[in-house]
Amino acid sequence: MGYDYENFKQDVYKLININLTLYKERQMKRRIESLMSRNKFKNFLDYFNALKKDDRLLSEFVSYLTINVSEFYRNPNQWILFENKIIPYLIDRFGKRLRIWSAACSTGDEPYTIAMILEKHLPVEQIKIYATDIDEDVLRYAREGFYAERSLERLPKELLKRHFIKSEKGYRINDNIKRCVEFSKHNLLEDKYPGDIHMVVCRNVVIYFTDEAKNYVYSNFNRTLVQDGILFIGNTEQIIHADELGFSAMESFFYQKM
């Protein structure tokens, strides 16, 4: 037998610690084959050998693999619900020093969105959001805090005016909000999860995982959260048998740890 996708998955895991067997195979294989074709590789062996030697190619592979699609205030109705119902609940239940984790944060749009909304309710110096992603390139982008106008289209005008400065690159987020977010690398399928978190935000990420991987992630989120903590998921997601994973539905796309 020749070198095939199964061999490629094993070698990728050894190289960058990303386990492709935990992603939906048909979908992920199609994405990788599309990327190979774009770079003019005809088989998995040649492509993997190139990934080992070319840092630019490897960086492109990781970014493409992790499907970095994000924008500020994505799905506005969910953020309105977050502001009007979830924040008051969190403050009432846990006080004003909240520990919030934005998992698989991509380019930082979501953790910065959380910080801007929280700033309407809490002193900015009390806001601390932990934001993580597997892709170091998007984390560098997030730390810089410069965004194109198109990623801010859904953001309420008062938040844009209050927290961004227009520049030649587009818009730069102000330092007060920037300091609220701490970015670091984290692999949801491999690394240790933090503890004593009041709210986890992980939206439109696990849809790319197998059912086994989804249950692994949701179970870990449950252990990460304090009692009665909240998990905020994306509009394309639903936790099947949430009670078996230790959650109860609180609002649409918001689950409470039981």
Side-chain angles (χ1 to χ4, degrees), residues 70-133 142-143 145-147 151-166 171-184 193-205 221-222 224-235 237 239 247-258:
S70 189
E71 63 185 70
F72 283 83
Y73 220 72
R74 187 178 183 183
N75 310 120
N77 288 339
Q78 293 181 29
W79 291 110
I80 292 169
L81 185 59
F82 169 65
E83 178 170 3
N84 293 338
K85 292 192 175 182
I86 303 303
I87 290 177
Y89 164 81
L90 291 171
I91 293 173
D92 182 64
R93 180 69 179 81
F94 304 116
K96 293 185 176 181
R97 293 198 175 272
L98 299 171
R99 286 170 54 85
I100 296 177
W101 177 23
S102 176
C105 68
S106 188
T107 50
D109 309 47
E110 286 189 353
Y112 285 138
T113 295
I114 297 165
M116 287 186 288
I117 296 173
L118 280 173
E119 192 268 343
K120 296 165 71 174
H121 301 264
L122 298 172
V124 70
E125 62 272 11
Q126 292 186 8
I127 300 170
K128 193 66 176 179
I129 297 160
Y130 304 94
T132 63
D133 199 274
R143 290 188 187 103
F146 285 95
Y147 294 91
S151 69
L152 298 161
E153 289 175 350
R154 297 180 189 272
L155 189 68
K157 298 301 182 206
E158 68 271 17
L159 294 181
L160 179 64
K161 184 177 180 180
R162 181 174 173 80
H163 297 297
F164 285 87
I165 300 166
K166 190 88 164 69
Y171 287 86
R172 178 172 65 84
I173 199 159
N174 70 35
D175 289 339
N176 281 343
I177 293 299
K178 213 183 209 186
R179 283 192 289 266
C180 294
V181 184
E182 179 183 314
F183 292 99
S184 60
Y193 283 46
D196 299 322
I197 298 294
H198 299 114
M199 181 176 183
V200 174
V201 181
C202 186
R203 305 172 72 224
N204 307 308
V205 174
F221 282 156
N222 187 271
T224 286
L225 289 165
V226 299
Q227 185 64 43
D228 300 325
I230 300 297
L231 172 61
F232 179 14
I233 64 173
N235 70 311
E237 298 165 332
I239 304 180
F247 289 104
S248 62
M250 185 177 185
E251 299 282 351
S252 297
F253 312 109
F254 292 90
Y255 290 81
Q256 182 184 46
K257 176 176 177 174
M258 295 191 296

K161, NZ atom: more than 12 neighbouring heavy atoms under 6.0 Å: no
Option passing ring-ring contact (aromatic ring centres under 6.0 Å, His included) with W101 (candidates Y130, Y193, F183): Y193
Non-hydrogen side-chain atoms of R179 and E125 separated by less than 4.5 Å: no
Donor-acceptor under 3.5 Å (K178 side chain, R143 main chain): yes
Side-chain donor/acceptor of S184 to backbone N/O of T132, under 3.5 Å: no
Donor-acceptor under 3.5 Å (Y147 side chain, T107 main chain): yes
Pairwise side-chain contact, W79 with M116, heavy-atom cut-off 4.5 Å (strictly under): no
Any donor-acceptor N/O pair, E237 side chain to V205 backbone, under 3.5 Å: yes
Y73 OH to I80 CD1 distance, which is reported to the nearest 0.5 Å: 4.5 Å
Mutual orientation of the aromatic rings belonging to F94 and Y89 [parallel < 30°, tilted 30-60°, perpendicular > 60°]: perpendicular
Residue pair I129 / V201, side-chain heavy-atom distance below 4.5 Å: no
Sidechain-backbone polar pair: Q227 side chain, M258 backbone, donor-acceptor under 3.5 Å: yes
Residues that R97 engages under side chain to side chain donor-acceptor pair (under 3.5 Å), provided they are two or more places apart: none
Within-4.5 Å side-chain heavy-atom neighbours: I230 and H198: no
Non-hydrogen side-chain atoms of I87 and K120 separated by less than 4.5 Å: no
Check: R99 and D196 side chains under 4.5 Å, non-hydrogen atoms: yes
Donor-acceptor contact present, side-chain Y255 to main-chain I233, <3.5 Å: no
Side chain to side chain contact (heavy atoms under 4.5 Å, CB included) against N174, all qualifying residues, sequence neighbours excluded: H163, N176, I177
Check: F164 ring centre within less than 6.0 Å of F72 ring centre: yes
Point-to-point distance, once rounded to the nearest 0.5 Å, from CG of L122 to CD1 of I117: 12.0 Å
R93 (side chain) donor-acceptor with G229 (main chain) under 3.5 angstrom: no
For V181 against A131, the heavy-atom pair lying closest together: CG1-CB, 3.7 Å
Parallel, tilted or perpendicular: ring planes of F232 versus F82, cut at 30 and 60 degrees: parallel
Side-chain touch E110/C105, heavy atoms, less than 4.5 angstrom: no
SB check K128 E182 (cutoff 4.0 Å): yes
Expected output: side-chain R74 to main-chain D109 donor-acceptor under 3.5 Å: no
Sidechain-backbone polar pair: R154 side chain, P76 backbone, donor-acceptor under 3.5 Å: no
